[in-house]
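Since we're looking at a predicted model, the values are computed, not measured. Values below: all heavy atoms of this structure, side chains included; hydrogens, waters and symmetry mates excluded.
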Amino acid sequence: MIRAKSKLSFFNKLVLYINYVFAFSILISYLAPVTDPKNFWPIAFFGIGYPILLAVNVLFIIYWAINVRIYAFISLVCILVGWKVLNNNIGFNKSQPDVAKASPEDIRMMAYNVHQFQKFNFTKTESTRSDIFKIIDEQKPDIMVFEEFYTRSKGKNDIIDSLKRLLKTDQFYFEAFDKNHDDKTGLAIFTKYAIVNHGMIRLNNDNSDNQCIYADMQKGDKTIRVYCVHLQSIHFESEDYVYLDSLSHERPSIHKSKRVGGKLKLAFLKHSEQVHLIKDHMAKCPYPYIVAGDFNDTPTSYAVNKMAQGLKNTFYEKGSGLVKTYNGDFPNFQIDFIMCSPVFNVLNYHVVERKLSDHYPIRSDLQLK
């Protein structure tokens, strides 16, 4: 027999009130994908917190299912109200094995933030570079975009020369934003198709590689465009990561929380500005296009959902389960994406979970209709 609320114990009443807070919070998070941070930035924090809010609400469902079943519907209904947001974060498609392309006509698209070919803990070793090359060789992409791409003019760290030999192509576009006489860091696109045009959308006026480049390439009798995107980095420093790690066992610090929150707020605002610049450019594109790279934001963010408008998100189309593409400390979520024009069929989606860079490479096979 279900007990009325007045019959609940003091502890269960307390749990119920906390449940209301988290249920209301997850409802607010559904506004994040459609609320421009420039208009009301606090909503963005609920969006980035969606995975945590989801997990806590699931725990409430389990708790009430064991104790007072009727209250389990509070969190259950609130989760189901945001079904599209849930689908953006968790793939409900059938899991697919990592396989070779089904047809040579398909386009194997791959994106990888290679962290300047350093390990996730910032140590640069020859083995890291070699292991990243092995992944690329195993996946055999037709088109590959790199963020935080590092190369030297000559020698063993001439990554451009190495990739040309590995991918058996001389078709690439590399834009260096931070460079000296020998070392260069920026964004790169490598392709097995002939590049007929390329360009850049400047998102920042500094020498960071938080920018966007694109290349038009000829595939048979069709031209396609590929955008390589690296949206604004959050710029957390070591002390910020230490603080975030400490939150599970220490009292929050107002000063440090403001520092972390301020960096996130700035990133949310920059992402909005940058995505609008890219979308304006895409609106004038005469070809089918693919946009891929490091968005530095999550599936519940305004930036990711604004970019996805009118496009196919390959994870949404073919992804399975709860994936993460960031191998660092925070945000330890899906922040790398491949999206494409509706004229492409998305055949699969795969994350290569190898801890080399601070990101995992993502890959999708596409079929141009």
Side-chain angles (χ1 to χ4, degrees), residues 33-38 88 107 109-113 141-147 171-175 177 186-191 193-205 208-219 222-232 267-317 334-346 349 362-364 366-369:
V34 294
T35 303
D36 191 331
K38 288 187 174 183
N88 283 338
I107 301 170
M109 181 72 213
M110 191 168 173
Y112 199 177
N113 182 326
D142 297 306
I143 306 171
M144 184 157 190
V145 300
F146 294 92
E147 303 82 52
Q171 299 295 301
F172 73 94
Y173 170 41
F174 170 54
E175 191 70 51
F177 299 99
L187 303 177
I189 301 172
F190 282 77
T191 174
Y193 310 117
I195 293 178
V196 296
N197 184 41
H198 60 72
M200 175 180 66
I201 307 170
R202 183 165 282 280
L203 305 181
N204 276 307
N205 292 321
S208 76
D209 73 339
N210 292 129
Q211 312 284 357
C212 177
I213 64 173
Y214 65 91
D216 297 339
M217 51 197 76
Q218 199 73 32
K219 183 185 186 304
K222 296 180 180 178
T223 303
I224 61 173
R225 176 172 292 176
V226 174
Y227 290 91
C228 174
V229 173
H230 189 197
L231 296 186
Q232 188 69 30
F268 295 146
L269 294 172
K270 287 292 290 183
H271 292 167
S272 169
E273 173 189 321
Q274 292 168 347
V275 167
H276 280 282
L277 285 172
I278 298 169
K279 291 293 282 188
D280 287 345
H281 192 279
M282 289 173 172
K284 301 170 186 175
C285 179
Y287 315 118
Y289 58 84
I290 303 166
V291 54
D294 177 5
F295 286 42
N296 273 310
D297 224 330
T298 67
T300 318
S301 68
Y302 174 78
V304 171
N305 284 270
K306 180 66 177 177
M307 188 75 83
Q309 284 181 1
L311 302 177
K312 290 182 178 179
N313 180 338
T314 57
F315 170 77
Y316 184 88
E317 297 287 328
Q334 180 187 179
I335 63 173
D336 301 85
F337 300 87
I338 298 173
M339 302 177 186
C340 57
S341 300
V343 295
F344 290 95
N345 285 327
V346 179
Y349 173 90
I362 58 174
R363 188 216 76 208
S364 185
L366 307 174
Q367 182 183 67
L368 185 57
K369 298 177 187 177

Q: Short question: side chain of Gln211, backbone of Leu203 - any donor-acceptor pair under 3.5 Å?
A: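 Yes, the answer is positive, given that a donor and an acceptor are paired below the 3.5 Å cut-off.
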Q: Checking side-chain polar atoms at under 3.5 Å, does Glu147 have a donor or acceptor matched by the opposite partner on Asn113?
A: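 Glu147 vs Asn113: no donor-acceptor pair found between side chains.
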Q: OG of Ser301 to CG of Asn88: how many Å apart, nearest 0.5 Å?
A: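 The OG atom of Ser301 sits 9.5 Å away from the CG atom of Asn88.
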Q: Within the 4.5 Å heavy-atom criterion, are Cys340 and Val291 side-chain neighbours or not?
A: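 No. Closest side-chain heavy atoms not under 4.5 Å.
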Q: Please determine whether side chain to side chain contact (heavy atoms under 4.5 Å, CB included) holds for the pair Ile143 and Ile224, giving the CA-CA distance in whole Å, both sets of side-chain angles, and the decisive distance to 0.1 Å.
A: CA-CA 11 Å; Ile143 306 171; Ile224 61 173; 4.0 Å; yes
Q: Please tell me if the side chains of His198 and Ile213 come closer than 4.5 Å, counting only heavy atoms from C-beta onward.
A: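 Result no, sub-4.5 Å side-chain heavy-atom pair not found.
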Q: If we ignore angles and hydrogens, is there a donor and acceptor under 3.5 Å between the side chains of Gln218 and Thr223?
A: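 Yes, Thr223 and Gln218 have a side-chain donor paired with an acceptor closer than 3.5 Å.
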Q: After noting the C-alpha distance and the side-chain angles of Tyr112 and Ile362, does the key distance pass the side chain to side chain contact (heavy atoms under 4.5 Å, CB included) rule?
A: CA-CA 7 Å; Tyr112 199 177; Ile362 58 174; over 6 Å; no
Q: Look at the side chain of Thr314 and the backbone N and O of Ser364, then say whether any donor-acceptor pair between them is shorter than 3.5 Å.
A: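 No, Thr314 side chain to Ser364 backbone: no donor-acceptor pair under 3.5 Å.
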Q: Write down the atom of Pro37, the atom of Ser272, and the distance for their closest heavy-atom approach.
A: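 So the minimum-distance heavy-atom pair works out to CD-CB, 4.1 Å.
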Q: Just by distance, do the side chain of His271 and the backbone of Ala303 share a donor-acceptor pair under 3.5 Å?
A: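 Looks like no, no N/O pair under 3.5 Å.
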Q: Checking Asn313 side chain against Ala308 main chain: does a donor-acceptor pair fall under 3.5 Å?
A: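 No.
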Q: Within the side chain of Asn305, is there an N or O that forms a donor-acceptor pair under 3.5 Å with the backbone of Pro299?
A: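 Yes; judged by distance alone, with no hydrogens or angles, the pair exists.
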Q: May I ask you to decide if Ala267's main-chain N or O and Gln232's side chain share a donor-acceptor pair within less than 3.5 Å?
A: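 Looks like no, no N/O pair under 3.5 Å.
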Q: If every non-hydrogen atom of Lys306 is compared with every non-hydrogen atom of His276, which pair is closest and at what distance?
A: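 So the minimum-distance heavy-atom pair works out to CE-CE1, 3.6 Å.
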Q: Should Ile290 and Leu366 count as side-chain neighbours, where that means a heavy-atom distance under 4.5 Å?
A: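 Side-chain contact under 4.5 Å: yes.
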Q: Ignoring hydrogens and geometry, is there a side-chain-to-backbone donor-acceptor pair from Asn204 to Asn210 under 3.5 Å?
A: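 Yes, because the side chain of Asn204 sits within donor-acceptor range (under 3.5 Å) of the backbone of Asn210.
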Q: Look only at the side chain of Lys279 and the backbone of Met307, and say whether a donor-acceptor pair between them is shorter than 3.5 Å.
A: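 Yes, because the side chain of Lys279 sits within donor-acceptor range (under 3.5 Å) of the backbone of Met307.
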Q: Taking Lys312 for its side chain and Val346 for its backbone only, find out whether a donor-acceptor pair lies under 3.5 Å.
A: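 The answer is no, because no donor-acceptor pair under 3.5 Å joins these two groups.
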Q: Could you check whether the rings of Phe190 and Phe172 sit parallel, tilted or perpendicular, using 30° and 60° as the cut-offs?
A: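 Rings of Phe190 and Phe172: parallel, as their planes differ by under 30°.
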Q: Show your working on side chain to side chain contact (heavy atoms under 4.5 Å, CB included) between Leu187 and Phe174 and close with a plain yes or no.
A: CA-CA 6 Å; Leu187 303 177; Phe174 170 54; over 6 Å; no
Q: Could you tell me the separation between the CG atom of Leu231 and the CZ atom of Phe268, rounded to the nearest 0.5 Å?
A: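 If I round to the nearest 0.5 Å, the distance is 12.5 Å.
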Q: What's the shortest heavy-atom distance between Ala111 and Gly293, and which atoms?
A: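 Where Ala111 meets Gly293 most closely, the heavy atoms are CB-N, 4.1 Å.
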Q: To the nearest 0.5 Å, tell me how far Glu317 CD sits from Ile338 CD1.
A: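 Separation between the atoms: 13.0 Å.
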Q: In Å, rounded to the nearest 0.5 Å, how long is the span from CG of Leu277 to CD1 of Ile201?
A: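 If we round to the nearest 0.5 Å, Leu277:CG and Ile201:CD1 are 8.0 Å apart.
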Q: Using 0.5 Å steps for rounding, measure from the CE atom of Met109 to the CZ atom of Arg363.
A: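 One finds 12.5 Å between CE of Met109 and CZ of Arg363.
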Q: Can you tell me how far the CZ atom of Arg225 sits from the CD1 atom of Ile195, to the nearest 0.5 Å?
A: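 Spacing of CZ (Arg225) from CD1 (Ile195) equals 12.5 Å.
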Q: Contact between Asp216 and Tyr287 at the side-chain level, heavy atoms closer than 4.5 Å - yes or no?
A: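 The answer is yes; the side chains approach within 4.5 Å.
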Q: Might you point out which heavy atoms bring Phe337 and Thr298 nearest each other, and give the distance in Å?
A: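 Closest pair (atom of Phe337, atom of Thr298, distance): CZ-C, 4.3 Å.
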Q: Given side chain to side chain contact (heavy atoms under 4.5 Å, CB included), test Phe344 with Ile107 step by step and report yes or no.
A: CA-CA 10 Å; Phe344 290 95; Ile107 301 170; 4.0 Å; yes
Q: Using the side-chain contact (heavy atoms from CB on, under 4.5 Å) rule, pick out the option among Tyr227, Phe295, Tyr289 that qualifies with Met339.
A: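 Only match with Met339 under side-chain contact (heavy atoms from CB on, under 4.5 Å): Phe295.
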Q: Just wondering, do Tyr214 and His281 contact through their side chains at under 4.5 Å, heavy atoms?
A: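 Yes, at least one pair of side-chain atoms sits under 4.5 Å.
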Q: Can you see which heavy atom on Ala215 is nearest to which on Ile189, and at what distance?
A: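 Shortest heavy-atom separation between Ala215 and Ile189 comes out as N-CD1, 3.8 Å.
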Q: Taking all atoms of both residues into account, what is the closest heavy-atom pair of Phe146 and Cys228, and its distance?
A: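 Of all heavy-atom pairs spanning Phe146 and Cys228, the closest is O-SG, 3.5 Å.
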Q: Is a side-chain N or O of Ser341 found less than 3.5 angstrom from the main chain of Val343, in a donor-acceptor match?
A: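 Side chain of Ser341 to backbone of Val343, a donor-acceptor pair under 3.5 Å: no, none is there.
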Q: Should Ile278 and Val229 count as side-chain neighbours, where that means a heavy-atom distance under 4.5 Å?
A: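 Contact flag for Ile278/Val229 side chains = yes.
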